[in-house]
Amino acid sequence: MSFFQHGVFQHCINPRCGKTFGIEEIHHACPACGELLDVDYDWEDIAASTGVPKNLKHFEAYWSERANPHRLSGVWRFHELLPFLPLEKCVTIGEGQTLLQNAQRVATFVGVKSDRLFLQYEGLNPSGSFKDNGMAAAFSHGAFVGAKRAACASTGNTSASLAIYSACTNLMQSVIFIGSGKIAYGKLSQALDYGALTVQIDGDFDDAMARVQQVSKKLGIYLVNSVNPFRLEGQKTIMFRVLEALNWEVPDWIVVPGGNLGNSSSFGKAFIELHKLGLIQKVPRLAVINAAGANTLYRLYVNEGLRWNAGNYDKALAQKFFAQMDGEGRKASTLASAIEINRPVNLSKCLRALDFCNGVVREVTEQEILDAKAQVGAGGLGCEPASAASVAGAKKLVAEGVMGKDERVVCILTGHQLKDPNATVAYHGTDKTFFDDVLGRRGVGTAQFANRPVSVGNDLDEIVNVLR
Ligand code: F0G
């Protein structure tokens with residue numbers, strides 16, 4: 001094993017295996033046991049060489065250095081907490097300029113006190129979703145190991161993110177695998193515009209995910225899906241920015257939609273490391289929210305009681321679940337297309353995160369997602385349907401009494417409102433056929449928070465009458 005970077009290595013998360021690999025190696029799973037890998041750090045070693053911050057306030061000094069692209073980046077200004085490459089090798093296109101909004105109207109909808117609800121708006125990233133946090137890290141690693149092409153399967157946002165990094169930097173060509181008809185047009189248009197080689201597969205995300213792993217292995221293409229442990233390093237910084245916006249205070253809850261479970265896994269890793277380094281004393285609780293039509297985590301965690309169990313989670317239980325799912329031909333189905341995933345690749349890491357953060361898992365219906373989305377649009381910064389699952393989930397947890405009205409809750413808005421305009425227009429619009437086609441057939445019956453457009457003739461008096 002050779003280490004390019006002092007104190008940095010890849011580490012199998014299975015405690016009975018625990019094999020390590022150099023960071024110059026490319027793996028999507030442990031070659032010895034098949035489990036997922038972490039990027040891991042020997043913090044003592046790093047402290048002795050490049051240094052580890054003594055407190056989180058340390059990062060404030062960088063705010064005055066924003067003319068430097070690495071200090072401007074909301075990912076790389078926290079480089080000391082993800083030091084797997086020298087800073088000069090880290091690729092940035094200006095990701096992570098996001099904000100934490102105290103959303104009072106949404107708080108009322110969720111049922112917590114008006115100053116207690118915060119929306120972490122990741123839609124402000126260059127490609128309009130949180131994926132850019134992870135892509136900055138994975139793309140940097142891919143370029144570092146000399147890859148010429150990078151690929152991903154996607155429900156749309158990972159592909160938009162890969163495509164934009166490729167277009168802006170010219171370091172690797174992008175190849176994206178998508179399920180035919182399975183991604184929202186906002187996202188597809190990005191990949192096409194940014195010049196990605198776009199492969200539409202006759203199948204869904206789970207099919208595309210299986211294929212892209214085979215193809216990238218066969219052709220030596222660098223894979224940037226979240227089985228790539230470097231992706232998750234970048235996504236840790238979403239949590240660092242949440243803490244930064246709260247003046248380094250730890251909130252009571254982090255609520256996040258669950259799809260492939262990369263985000264929830266990386267948030268857990270962020271808190272494990274911050275705690276280990278003594279940079280936080282308290283750990284927030286984590287709530288992962290599935291769409292009811294794509295609820296593998298919910299079924300396994302809540303119905304089947306699957307737990308991390310110090311790394312010895314019941315694999316046979318999960319395997320039996322997936323075998324049954326395949327036997328029944330059960331496919332994920334939700335209008336929150338970003339999280340239309342039944343085979344989450346980061347399941348084990350998410351179990352670890354839930355364990356460390358005293359987590360809970362909930363599922364929400366299409367109706368609950370759409371109503372929450374309308375409330376976010378009316379009183380927050382707007383988001384795509386999958387993101388609103390976090391707000392719908394928080395509302396549910398408050399109603400159950402699991403989340404207290406006085407608790408400080410941060411919901412992650414993972415993607416921009418403009419990613420999926422169809423769902424929004426169908427909800428607010430007056431076209432019944434369009435409503436039925438986009439939402440009704442999915443089980444959305446009403447649009448109680450609709451802001452209906454008003455139709456008038458091209459006539460001054462008529463228009464004036466409407467506005468009086
Ligand atoms: N929200 C949005 C907007 C997403 O695009 C995704 C995932 C998630 C939530 C779920 O996050 O996978 O970390 O649990 N989108 C992936 C993609 C799968 O291909 O763009 P997760």
Side-chain angles (χ1 to χ4, degrees), residues 120-125 127-135 138 151-164 174 176-179 182-184 186-188 190-191 196 198 201 204-209 212 223-228 231-232 234-236 238-239 254-269 286-291 294-298 332 334-347 349-350 353-354 361 364 369 373 376 382-393 411-420 423:
Q120 173 66 15
Y121 190 46
E122 288 298 313
L124 284 176
N125 274 293
S127 79
S129 88
F130 75 93
K131 301 288 179 181
D132 296 348
N133 295 284
M135 199 56 67
C152 68
S154 186
T155 54
N157 281 327
T158 306
S159 49
S161 184
L162 171 59
I164 202 175
S174 52
I176 66 162
F177 287 60
I178 55 177
K182 289 288 186 185
I183 79 174
K187 305 173 189 185
L188 179 59
Q190 289 181 287
T198 303
I201 292 187
D204 65 6
F205 173 82
D206 293 315
D207 300 319
M209 186 71 230
V212 77
L223 186 66
V224 296
N225 279 104
S226 51
V227 284
N228 178 329
R231 263 276 307 275
L232 301 197
Q235 285 168 217
K236 292 191 308 194
I238 301 171
M239 291 301 100
I254 300 290
V255 192
V256 64
N260 229 358
L261 305 178
N263 243 358
S264 44
S265 298
S266 70
F267 297 173
K269 187 170 189 284
L286 180 67
V288 185
I289 314 299
N290 271 166
N295 61 355
T296 294
L297 180 69
Y298 178 78
T334 169
L335 56 78
S337 56
I339 52 174
E340 193 175 53
I341 297 170
N342 255 358
R343 218 174 251 284
V345 295
N346 286 296
L347 177 64
K349 283 186 177 176
C350 179
L354 288 163
V361 179
V364 289
I369 290 173
K373 182 178 128 42
V376 171
C383 65
E384 65 168 283
S387 312
S390 62
V391 173
C411 294
I412 313 300
L413 297 187
T414 45
H416 199 285
Q417 194 255 8
L418 296 177
K419 290 277 190 176
D420 187 358

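Ligands are counted one by one from 1 in listed order, and the atoms in each one are counted from 1 as well.
The protein heavy atom nearest to atom 16 (C) of ligand 1 is Lys131 NZ, 2.8 Å. In terms of protein heavy-atom proximity, atom 13 (O) of ligand 1 is nearest to Asn263 N, 2.8 Å. For atom 1 (N) of ligand 1, the closest non-hydrogen atom on the protein side is Thr414 OG1, 2.7 Å. Looking only at heavy atoms of the protein, atom 4 (C) of ligand 1 is closest to Ala338 CB, 3.4 Å. Of all protein heavy atoms, the one closest to atom 5 (O) of ligand 1 is Asn157 ND2, 2.8 Å. Protein heavy atom at the shortest distance from atom 11 (O) of ligand 1 is Phe130 CZ, 3.6 Å. Closest to atom 12 (O) of ligand 1 among all protein heavy atoms lies Asn260 N, 2.7 Å. Protein heavy atom in closest approach to atom 20 (O) of ligand 1: Thr158 N, 2.8 Å.
At least one N or O atom of Gly262, backbone or side chain, sits closer than 3.5 Å to an N or O atom of ligand 1. For ligand 1, the polar-atom distance check finds no N/O of Phe205 at less than 3.5 Å from any of the ligand's N/O atoms.
For ligand 1, the atoms sitting less than 4.0 Å from at least one non-hydrogen atom of Ile339 are 8 (C), 9 (C), 10 (C), numbered in the order shown with element in parentheses. Near Ser154, meaning under 4.0 Å from one of its heavy atoms, ligand 1 places the atoms 17 (C), 19 (O), 20 (O). Taking a cut-off of under 4.0 Å to the non-hydrogen atoms of Gly258, the atoms of ligand 1 that pass are 14 (O). Within the listing of ligand 1, atoms 10 (C), 12 (O), 14 (O), 21 (P) sit less than 4.0 angstrom from a heavy atom of Gly259. If you number the atoms of ligand 1 from 1 as listed, the ones under 4.0 Å from a heavy atom of Leu261 come out as 12 (O), 13 (O), 14 (O), 21 (P). Within ligand 1, counting atoms from 1 as listed, the ones closer than 4.0 Å to a heavy atom of Ile341 are 18 (C).
Of all the heavy atoms of Thr155, the ones lying under 4.0 Å from any atom of ligand 1 are found in both the backbone and the side chain. In Glu384, the part holding a heavy atom less than 4.0 Å from any atom of ligand 1 is the side chain.
We find the CD1-CZ distance between Ile238 and Phe267 to be 4.0 Å, quoted to the nearest 0.5 Å. Of the inter-residue distances, the one linking Leu347 atom CG with Asn260 atom CG reads 10.5 Å to the nearest 0.5 angstrom. A distance of 11.0 Å separates OG1 in Thr414 from CD in Gln120, rounded to the nearest 0.5 Å. Remark: Asn125 CG to Asn133 CG distance equals 5.0 Å, nearest 0.5 Å. The CD atom of Gln235 lies 6.0 Å from the NZ atom of Lys131; values are rounded to the nearest 0.5 Å. Atom-to-atom distance recorded for Leu286:CG and Ile254:CD1 is 7.5 Å, nearest 0.5 angstrom.
Across all their heavy atoms, Leu232 and Gly262 have their closest contact at CD2-O, 3.5 Å. Here the closest heavy-atom approach between residue Ser127 and residue Ile164 is recorded as CB-CG2, 3.9 Å.
With sequence neighbours left out, Ala138 forms a side-chain contact (heavy atoms from CB on, under 4.5 Å) with Val224, Asn228, Arg231.
Checked against Asn346 for a side chain to side chain donor-acceptor pair (under 3.5 Å), the options Ser226, Ser266, Ser265 give a single hit: Ser226. When each of Ile341, Asp204, Asn225 is tested with Met209 by the rule side chain to side chain contact (heavy atoms under 4.5 Å, CB included), just one qualifies, namely Asn225. Looking at Leu261, Asn342, Asp206 one by one, the single match for side chain to side chain contact (heavy atoms under 4.5 Å, CB included) with Thr296 turns out to be Asn342.
Residue contacts with ligand 1 do not include Ser226, since none of its heavy atoms lies under 4.0 Å from the ligand.
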